[in-house]
Amino acid sequence: MDVLIWTGAALSVLGLVGLMWCIVKVARARRAGLSDDELRAAVHRVLPYNFGALGLSVIGLMMVILGIFLG
C-alpha cells in the first residue's frame, strides 16, 4: 500500500502545482490591465486547467486515504 500512498501524494502535489499555475496566470492577467471582456476571456481559458488540477489533486488525496485505510 506504500506505492498507492506515495503515488497519491505525488498526484496531489502535481495538482497543487497546477492550481498555483492557474492562480499565477489569472493574477498576471489582472495586473495587465485588461478590459472586463478580455479578463473574462483569460479566466475562461484557464478554467479547464483549474478543474483538471483540482480533480487530479482530489484523486491523489483519495488514493492516499485508500492506501492508509487498506494498509
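In this structure, Ile23 CD1 and Asn50 CG are separated by 7.5 Å, a value rounded to the nearest 0.5 Å. Note that the OG atom of Ser12 and the CG atom of Leu56 stand 7.5 Å from one another [nearest 0.5 Å]. Atom CG in Leu70 sits 9.0 Å away from atom CD1 in Ile5 (nearest 0.5 Å). From Leu16, atom CG reaches atom CH2 of Trp21 across 15.5 Å, with rounding to the nearest 0.5 Å.
Val17 and Leu47 fall into different hydrophobic clusters, defined by Ile, Leu, Val, Met, Phe, Trp and Tyr side-chain heavy atoms under 4.5 Å apart, directly or through other members. In the hydrophobic cluster analysis, where Ile, Leu, Val, Met, Phe, Trp and Tyr join through side-chain heavy atoms closer than 4.5 angstrom, Leu19 is grouped apart from Val58. Residues Met62 and Met1 do not share a hydrophobic cluster, clusters being chains of Ile/Leu/Val/Met/Phe/Trp/Tyr side chains in contact below 4.5 Å. Trp6 and Phe69 fall into different hydrophobic clusters, defined by Ile, Leu, Val, Met, Phe, Trp and Tyr side-chain heavy atoms under 4.5 Å apart, directly or through other members. No single ILVMFWY cluster, assembled from side-chain heavy atoms under 4.5 Å apart, contains both Leu66 and Val13.
Contact detail for Lys25 and Val46: the closest heavy-atom pair is CG-CG2, 3.7 Å.
Side-chain atoms of Ser57 do not come within 3.5 Å of backbone N or O of Ala53 as any donor-acceptor pair.
Between Ile65 and Ile68, the closest side-chain pair of non-hydrogen atoms is not below 4.5 Å.
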